[in-house]
Structure formats: structure tokens, C-alpha cells
Amino acid sequence: MSPETVAAPAVTTEAGIPGERSQARARAARNHKILVYGTRVALLVALLALWEGLARAAVIDPFNFSMPSKIWDQISQWALNGTPQGPLIEQVWYTLYEALLGWVIGVIGGVVLGIALGRIRFLADVLGPYIKVLNALPRIVLAPIFLIWFGLGPASKVASAVVLVFFPVFFNAFQGAREVDRNLVANSRILGASNRQVTLQVVIPSATSWIFTSLHVSFGFALIGAIVGEYIGATKGLGLLVSASQGTFNAAGVYAAMAILAVVALLAEGLLAFLEKRLFRWKPADAGDGR
């Protein structure tokens with residue numbers, strides 16, 4: 001028997017070990033994910049069942065706190081028969097349109113200005129105090145001012161969403177531009193890169209992780225801006241549903257609108273997480289991902 005023949009099974013065995021380990025890790029990660037989602041569902045069901053039971057037993061006031069079954073009935077009624085302001089899908093789309101438009105404008109403005117101030121020290125020195133003062137203002141109270149300026153239409157809600165989205169995105173983009181590895185910038189300049197090329201090919205890619213971190217939070221702020229604006233004054237939207245339900249002491253309607261809003265926010269968060277994974281495939285997995 002030749003030496004090559006004897007060595008062959010050993011090579012196959014060694015090659016098979018990493019494959020088995022990868023499969024074991026994949027199974028562990030899949031089981032962990034199933035356990036996490038199963039626990040989340042069980043926790044939600046338990047909380048809803050507890051709420052329903054306490055309300056039916058009159059431990060908590062069902063008039064003020066309502067109960068999950070009445071909230072579901074309210075959502076079903078709106079979905080089948082429409083709301084006093086029109087079809088339910090129209091109210092959802094109206095709020096989502098305002099939030100999305102405000103989010104896009106706020107993100108673009110925050111990223112552009114954050115990168116600019118992070119790259120140009122003079123601009124940061126001049127505009128920095130003004131931005132800090134504006135950030136210190138309670139921006140929710142600007143919603144009535146926007147209502148006076150822009151009326152009951154979507155423009156006032158978009159403006160409210162913009163001011164809520166802009167600042168978290170701006171500060172993350174600014175910090176991301178400041179935290180760029182100086183060696184990368186120096187090496188790119190040695191290779192003859194211009195300021196524009198350094199910004200587009202080094203600074204912005206390095207700051208992208210910072211920016212995406214702010215996007216997860218900022219879309220929720222955009223929804224808050226749209227809802228608050230609609231609550232103060234609007235002709236359509238989920239915020240108007242909350243206001244109208246509150247005016248008629250319909251607690252189930254208030255919770256129903258909030259539940260619909262929560263679903264919209266969760267779907268948006270899932271979409272952002274999916275896009276982030278697609279864009280950042282090169283990033284290593286977290287330490288707690290079952291490796």
C-alpha cells in the first residue's frame with residue numbers, strides 16, 4: 001500500500017471537521033432564533049391574556065384601559081367599514097407618506113450637513129453653537145407653529161418629522177466623519193486623492209455604520225412627528241384617529257390606532273435591518289449570535 005493511499009482518509013477526515021462545525025453552528029443559530037421568536041410571541045400572548053383577564057374581572061377599569069378583544073374589534077370595524085375620516089388604509093398611508101417624506105428630507109439634510117461639518121472645521125466652529133441651541137429646543141412644541149405656517153395639510157406634519165429626524169442623523173454623521181481612521185485619509189492623500197475623492201470614497205463609507213445606527217431610531221421619530229402634527233390638527237391620518245377617539249372617550253380606538261402605528265414601525269424597522277445586513281455583509285457577526 002502506497003503512502004498516498006494511507007494519507008487520503010486522514011485528509012478527508014480533517015476536511016470534514018470544519019464542515020461539521022459549520023453545520024453545528026448553523027443549527028445552534030437557527031435553534032436560538034426559533035427560541036427567541038417563540039419567547040417573544042409567548043410573552044406577547046401572556047401580556048395580552050393578562051390584560052384581557054384583568055379588564056374582564058374589573059381589576060382594571062375596562063372603560064379607561066379597554067381590553068385586547070375590544071381593540072381587535074375596533075381594528076376589524078375600521079378595516080371593514082372604514083373610519084369616520086375615510087378608509088383605514090387611507091389613514092395609514094397618509095401618516096406613512098408624511099413620515100416617509102419627513103424622514104427622507106431629515107436624513108438627507110442630517111447626512112449632508114453632518115459630513116460637511118465633520119470635514120470642514122471652520123463650518124463646525126461657526127454653526128456648532130447654533131445647532132446645539134436648536135437641538136436643545138423641545139422640538140415637539142414646534143408642531144403648532146408649523147400648523148400655523150403650513151396649515152392642516154401634510155406640509156406641517158412633514159416639517160415636524162424633519163426636525164425630529166434631522167438631529168440624531170446629523171450628530172451620528174458628524175461623529176462618523178470625525179472618527180474616520182486618519183491613516184486611511186493620509187494614505188489616500190499620498191496616492192493623490194482630492195478632497196472630494198477622500199470624502200466620497202473614504203469618509204462617507206467609514207461613516208455609513210454611524211449613519212445607519214441613527215436611521216433605526218430616526219424613523220420612529222418621523223412617525224412621532226407625523227402623529228403629533230395630525231393630533232394637533234389634520235384632515236386625515238392615524239393621529240387624527242387618536243384625537244377623534246379620545247374626544248369620544250373611545251379607549252379602544254386610541255389603543256387600536258397605536259397598535260396599527262406599532263405594526264407600521266416594526267415593518268419599517270425590519271426593512272431597515274434587512275437593508276443594513278445587505279449593505280454590511282463584510283461586518284463580523286455579533287458575539288452573541290451563537291458563534
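Scope of the values below: all heavy atoms of this structure, side chains included, with no hydrogens, waters or symmetry mates.
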### Task
List for me each residue that meets salt bridge (charged side-chain N to carboxylate O under 4.0 Å, His left out) alongside Lys236, sequence neighbours excluded, and say none if there are none.
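Listed in chain order: Glu90.
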
A side-chain contact here means heavy atoms from C-beta on lying under 4.5 Å apart; do [X] and [Y] qualify?
X: Val263; Y: Leu266; answer: no
X: Ile131; Y: Phe174; answer: no
X: Arg56; Y: Ser69; answer: yes
X: Ile224; Y: Phe221; answer: yes
X: Leu241; Y: Leu88; answer: yes
X: Leu134; Y: Phe167; answer: yes

### Message
Walk me through whether Thr95 and Glu230 qualify under side-chain hydrogen bond (donor to acceptor under 3.5 Å, both in side chains).
### Response
CA-CA 8 Å; Thr95 299; Glu230 292 171 351; 2.9 Å; yes

### Query
Who are the side-chain contact (heavy atoms from CB on, under 4.5 Å) partners of Leu261, not counting sequence neighbours?
Leu223, Ile227, Leu238

Examine distances only and state if a side-chain atom of [X] and a backbone atom of [Y] form a donor-acceptor pair shorter than 3.5 Å.
X: Ser218; Y: Ser214; answer: yes
X: Lys157; Y: Tyr97; answer: no
X: Ser156; Y: Leu152; answer: no
X: Trp51; Y: Ala46; answer: no

### Task
Report the distance from atom OG of Ser76 to atom CD1 of Ile71, rounding to the nearest 0.5 Å.
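It is 11.5 Å, given to the nearest 0.5 Å.
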
### Query
Just how far is it from atom CZ of Phe122 to atom CG of Leu117, taken to the nearest 0.5 Å?
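Between atom CZ of Phe122 and atom CG of Leu117 there are 11.0 Å.
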
### Query
So, for Phe63 and Ala251, which heavy atoms are closest and what is the spacing to 0.1 Å?
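In terms of heavy atoms, the two residues are closest at O-CB, 3.4 Å.
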
### Pairs satisfying side-chain hydrogen bond (donor to acceptor under 3.5 Å, both in side chains), at least one member in residues 246-261, at least two apart
Gln74-Asn250, Tyr231-Gln246

### Message
Tell me whether Val163 shares a hydrophobic cluster with Trp149, the cluster being built from Ile, Leu, Val, Met, Phe, Trp, Tyr side chains joined at under 4.5 Å.
### Response
yes

### Query
Same cluster or not: are Ile232 and Leu164 linked, directly or through other Ile, Leu, Val, Met, Phe, Trp or Tyr residues, by side-chain heavy atoms under 4.5 angstrom apart?
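In one cluster with Ile232: Leu164, yes.
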
